2 protein chains.
Amino acid sequence: MAAVARAATTSDAFNAIAEPQRRDILALLRAGERPVTDLAQELGMSQPRASKHLRVLREVGLVRVRGAGKQRLYGLDARGLRPIHEWVGGFERFWNESFDRLDTYVRDLKQTRQEE
Amino acid sequence: MAAVARAATTSDAFNAIAEPQRRDILALLRAGERPVTDLAQELGMSQPRASKHLRVLREVGLVRVRGAGKQRLYGLDARGLRPIHEWVGGFERFWNESFDRLDTYVRDLKQTRQEE
DNA sequence: TTGACGTATTCCGTTATGGGAATACGATGG
DNA sequence: CCATCGTATTCCCATAACGGAATACGTCAA
């Protein structure tokens with residue numbers, strides 16, 4: 001426990017949605033609650049895997065579980081996505097406006113020789 | 001090269017912005033182009049570290065570099081954030097609407113005993 | 001050329017993540 | 001109580017990812 005290594009982890013919404021499969025799960029859940037098996041099958045992944053992803057999603061609060069008899073129904077709790085939407089939204093004017101500036105870059109690149 | 005292990009990597013915008021420090025960098029760049037040293041200092045991180053983060057951001061296309069004499073100026077290219085904004089936006093109605101549904105959950109939790 | 005400055009990269013160590021397989025749990029129906 | 005279904009967890013592996021420190025590069029000035 002000397003070096004710090006990886007700083008953050010899969011403990012916030014940003015990280016949670018960085019995983020494609022988790023995004024898929026969230027997307028599916030918009031249609032309504034679903035048991036793990038359902039999701040796993042629909043997404044073509046093993047049940048354990050789906051469970052793991054759901055765990056992460058649950059820990060960050062993007063998903064809720066509800067026991068329904070023998071099953072456990074997972075449901076979406078999108079509130080955690082709002083901060084993300086807002087953060088990204090803070091760049092909205094840039095992805096429209098930035099073209100002028102980009103032209104400058106592009107022009108420059110021809111002599112700067114972009115590495116890689 | 002048997003087990004696949006981690007599927008995706010830090011090769012897309014979603015992953016890029018999963019890192020708090022990279023988000024900070026992007027935020028700073030909204031003010032305009034900046035050399036690495038500047039960013040590093042302002043964010044209280046070492047120069048190598050800043051360079052590494054900028055590399056990731058560059059590889060996903062969220063940032064552009066431009067050689068300016070002895071320096072290299074980094075600039076924002078927010079276009080890559082748009083898809084993210086849209087994806088997350090797809091959940092907008094849920095973080096407002098979902099309260100009704102949440103009530104159901106909450107009511108249920110009292111008997112289901114949410115683990116952890 | 002040499003030196004200096006600004007910046008990128010490499011090497012190393014640590015951590016954590018995603019996946020697979022097997023297994024442990026929990027609840028329900030007999 | 002037992003078998004079973006649905007689901008979560010554990011164990012293990014391979015890999016990638018951050019961080020730090022040292023170092024290699026590239027460019028410009030003298």
Side-chain angles (χ1 to χ4, degrees), chain A residues 1-12 14-25 33-60 63 65-74 108 111-116, chain B residues 1-12 14-25 33-60 63 65-74 108 111-116:
Chain A
M1 56 184 175
V4 179
R6 178 171 267 181
T9 41
T10 315
S11 33
D12 70 311
F14 275 100
N15 270 287
I17 67 167
E19 239 292 335
Q21 312 203 70
R22 284 197 286 260
R23 286 201 294 278
D24 292 340
I25 291 180
E33 298 177 313
R34 292 256 195 124
V36 188
T37 311
D38 246 58
L39 297 168
Q41 194 194 316
E42 184 129 357
L43 295 176
M45 62 173 97
S46 71
Q47 173 269 310
R49 199 154 116 198
S51 278
K52 286 174 189 171
H53 282 312
L54 282 167
R55 182 145 132 94
V56 175
L57 291 172
R58 213 188 353 166
E59 291 178 341
V60 251
V63 146
V65 219
R66 177 167 75 93
K70 212 186 296 185
Q71 293 188 152
R72 309 196 73 199
L73 294 181
Y74 280 88
D108 246 75
Q111 8 186 199
T112 300
R113 242 286 280 141
Q114 187 70 142
E115 53 274 59
E116 190 173 39
Chain B
M1 58 183 177
V4 179
R6 177 170 267 184
T9 39
T10 314
S11 33
D12 69 310
F14 275 100
N15 270 288
I17 67 167
E19 240 289 338
Q21 313 204 69
R22 284 196 287 260
R23 285 202 295 278
D24 292 341
I25 291 180
E33 299 176 313
R34 292 254 197 127
V36 187
T37 310
D38 245 59
L39 296 169
Q41 193 194 316
E42 184 130 356
L43 294 176
M45 63 174 96
S46 70
Q47 172 268 310
R49 200 154 115 198
S51 277
K52 286 175 188 169
H53 282 312
L54 282 168
R55 182 148 133 93
V56 174
L57 291 172
R58 214 188 353 164
E59 291 178 340
V60 271
V63 145
V65 219
R66 177 168 74 94
K70 213 186 295 185
Q71 293 187 152
R72 309 196 72 198
L73 293 181
Y74 280 89
D108 246 76
Q111 6 187 200
T112 300
R113 243 285 279 140
Q114 185 71 139
E115 53 275 59
E116 191 169 36

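Numbers restart at 1 for each chain; the letters A, B, ... are given by sequence-line order, proteins then strands. Not measured: the values here are computed from a predicted model.
OP1 or OP2 of dT9(D) sits under 4.0 Å from a side-chain N or O of Arg55(A). Contact annotation: Gln21(B) reaches the phosphate of dG19(D) (side-chain N/O to OP1 or OP2, under 4.0 Å). Dashed line: the shortest gap from a side-chain N or O of Arg72(B) to OP1 or OP2 of dA8(C) is under 4.0 Å. Dashed line: the shortest gap from a side-chain N or O of Tyr74(A) to OP1 or OP2 of dG6(D) is not under 4.0 Å.
Asp12(B) has its CG atom 14 Å from the C1' atom of dA16(D), to the nearest Å. With rounding to whole Å, Leu39(A) atom CG is found 14 Å from dG6(D) atom P. Rounded to an integer number of Å, the gap from CZ of Arg58(A) to P of dA8(D) is 7 Å. To the nearest angstrom, P of dG18(C) lies 14 Å from CG of Asp24(A).
Partners of Asp24(B) by salt bridge (charged side-chain N to carboxylate O under 4.0 Å, His left out), not counting sequence neighbours: none found. Every side chain to side chain donor-acceptor pair (under 3.5 Å) that Gln47(B) has, sequence neighbours left out, goes to Ser51(B).
For Arg22(A), the listed nucleotide lying nearest its side chain is dG18(C); candidates were dT27(D), dG19(C), dG18(C). The nucleotide whose nearest atom lies closest to any side-chain atom of Lys52(A) is, among dG20(D), dC11(D), dC18(D), dC11(D). When each of dC5(D), dC18(D), dC5(C) is scored by its nearest atom to the side-chain atoms of Lys70(B), the top-ranked nucleotide is dC5(C).
Within residues 41-50 of chain B, the residues that place at least one heavy atom under 4.0 Å from DNA chain C are, in residue-number order, Gln47(B), Pro48(B).
Of the two residues contacting DNA chain D, namely His53(B) and Gly69(B), the nearest-nucleotide position lying further toward the 5' end is that of His53(B).
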